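Labels below follow one simple rule: chain letters A, B, ... track the order of the sequence lines, proteins then strands, and each chain is numbered from 1. All of these numbers come straight from a predicted model, not from anything done at the bench.
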Amino acid sequence: MPELPEVETIKNGLNKLIINKTVASVSYDWPKSFPNSKSDYKSFLIESRVELVRRRAKVLIVNLSSQYSLVIHLKMTGQLVYKDKKTRFGAGHPNRSLIGKLPDKSTRVTVSFDDGSKLFFNDQRKFGWMRLMPTIEIENLDFFKRVGPEPLSDNVNWKVLRDRFKRKKNSSIKASLLDQSVLAGIGNIYADESLWGAKIHPAILVGTLKDKDYQTLYKEIVNVLNLSISLGGSTDKNYIDAEGKKGSYLAFAKVFRKEGLPCPRCGHTIIKTRVANRGTHLCPHCQRR
DNA sequence: CACTTGACCTGTCCGC
DNA sequence: TGCGGACAGGTCAAGT
């Protein structure tokens with residue numbers, strides 16, 4: 001899915017595109033993608049106004065004037081794409097092939113605003129969801145009660161990272177980075193990229209890490225996430241932002257999907273293996289066990 | 001408890 | 001071409 005940088009990019013886009021718009025109607029064709037009762041969305045989504053779009057971990061929160069919010073998880077293949085009435089996606093338009101023909105067969109939910117513009121929730125694999133709930137109850141969701149701190153928050157530093165990893169000492173470092181209750185927002189791409197930056201083998205057990213490792217790893221996580229946000233995230237297959245644009249981070253990635261290519265640091269061949277049951281990319285020379 | 005595996009889905013790619 | 005299996009950015013429930 002969209003990881004932290006992709007969700008952040010979508011959030012920024014939506015804050016430019018849908019603030020103060022009023023919902024006119026909603027339609028959906030896959031109930032699990034929109035698990036809300038008809039009376040709820042008629043009362044608290046229709047005719048309510050979008051006030052603010054926020055992000056926590058990989059989750060988007062659209063605050064509505066009804067005191068309800070849409071809580072959205074895009075999981076692996078979810079997209080949130082805005083399309084207004086006047087933009088023409090004619091031949092030659094850069095986003096034509098991506099959003100010109102929406103809705104399409106992957107469109108699960110369509111939110112229509114009263115000015116005729118629409119927000120499409122597309123999701124090929126149907127893992128994602130868009131749930132309506134009272135804004136004050138969001139913090140009580142199990143996920144939000146357990147989720148770890150935001151890695152780019154001012155309150156987080158390498159010592160926080162070390163403390164968060166304490167209870168994971170018998171897990172691999174990669175599995176721990178993917179665990180949202182340890183640290184929020186990191187997924188498979190940025191786990192591999194930051195471990196390469198820190199020269200740490202993904203299968204190393206957390207219990208063997210030294211303070212120096214945490215210092216380096218924390219710095220790499222911040223660098224990698226910030227770089228990706230500045231590049232609009234990573235587009236591997238499905239990801240596009242709220243305007244239909246792809247992200248360009250993977251052109252700068254060092255190991256993710258780079259198996260068979262030389263390591264940009266030492267020239268040894270990058271390999272792909274399996275750690276924590278996930279495809280894992282690393283340089284076997286720089287990242288020793 | 002901590003940790004791993006299977007399930008949720010569709011689509012694509014690769015080997016036979 | 002067709003078919004089976006593995007795999008894909010995430011998370012949860014159920015297993016050990």
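- Residue contacts for A/Gly279: at a heavy-atom cut-off of 4.0 Å it reaches the sugar-phosphate backbone alone, with no base atom in range.
- Among the atoms of the strands shown, base atoms are found under 4.0 Å from some heavy atom of A/Asn238.
- Nucleotides C/dT11 and B/dG11 are separated by 22 Å at their P atoms, to the nearest Å.
- Residue-nucleotide stacking is present for A/Phe127 and B/dC8, judged by a side-chain ring centre under 5.5 Å from the six-membered base ring centre and planes under 30° apart.
- Mapping A/Arg146 and A/Thr235 onto DNA chain C by nearest heavy atom places A/Thr235 at the nucleotide closer to the 5' end.
- The side chain of A/Asn170 contributes no N or O atom lying less than 4.0 Å from OP1 or OP2 of B/dA2.
- Rounded to the nearest Å, the gap between the P atom of B/dC1 and that of C/dG10 is 27 Å.
- Shortest non-hydrogen contact noted between A/Arg164 and A/Val182 is NE-O, 2.9 Å.
- If you take CG of A/Leu205 and P of B/dT4, they are 9 Å apart, rounded to a whole angstrom.
- Counting to the nearest Å, the P atom of C/dG9 and the OH atom of A/Tyr249 are 15 Å from each other.
- Among the heavy atoms of the strands lying under 4.0 Å from A/Ser234 is at least one base atom, whether or not backbone atoms are also near.
- By the criterion of a centre-to-centre distance under 5.5 Å and near-parallel planes under 30°, the ring of A/Tyr239 forms no stack with the base of C/dG9.
- Distances from the side chain of A/Phe143 to the nucleotides B/dG11, C/dC12, C/dG9 place C/dC12 closest.
- Dashed line: the shortest gap from a side-chain N or O of A/Gln180 to OP1 or OP2 of C/dT11 is under 4.0 Å.
- A/Asp179 pairs by the salt bridge (charged side-chain N to carboxylate O under 4.0 Å, His left out) definition with A/Lys168, not counting sequence neighbours.
- Residue A/Lys58 has its side chain nearest to C/dG10 when only C/dA8, B/dC3, C/dG10 are considered.
- Checking C/dA8, C/dG10, B/dT10 against every side-chain atom of A/Lys237, the shortest atom distance belongs to C/dA8.
- Across C/dC12, C/dG10, B/dC9, the shortest atom-to-atom separation from the side chain of A/Lys32 is found for B/dC9.
- A 3.5 Å limit on both hydrogen-bonding distances identifies no Watson-Crick or G-U partner for C/dG9.
- For A/Arg167 against B/dA2, a side-chain-to-base donor-acceptor contact under 3.5 Å is absent.
- Contact annotation for A/Trp129: no contact, since no heavy-atom pair falls under 4.0 Å across all strands.
- In this structure, A/Arg108 fails the cation-pi test against A/Trp129, since its NZ or CZ atom is not both closer than 6.0 Å to the six-membered ring centre and inside 45 degrees of the ring normal.
- In this structure, of C/dG9, C/dT11, B/dC9, it is C/dT11 that holds the atom nearest to the side chain of A/His73.
- B/dC3 and C/dG9 are spaced 22 Å apart, taking the P atom of each and rounding to whole Å.
- Rounded to an integer number of Å, the gap from CD of A/Gln124 to C1' of B/dT12 is 9 Å.
- Closest to the A/Met76 side chain, of the nucleotides B/dT10, B/dC8, C/dG9, is C/dG9.
- Considering only side-chain atoms of A/Arg257, the nucleotide from C/dG9, B/dC3, C/dG10 that sits closest is C/dG9.
- Between C/dG5 and B/dA7, the distance separating the two P atoms is 15 Å to the nearest Å.
- Rounding to the nearest 0.5 Å places CG of A/Leu80 at 6.0 Å from CG of A/Leu14.
- Rounded to whole Å, atom P of B/dC3 lies 12 Å from atom CZ of A/Phe165.
- The distance between atom CD of A/Glu8 and atom P of C/dG9, rounded to the nearest whole Å, is 22 Å.
- Within 4.0 Å (heavy atoms only), A/Asp236 reaches at least one base atom of the nucleic acid.
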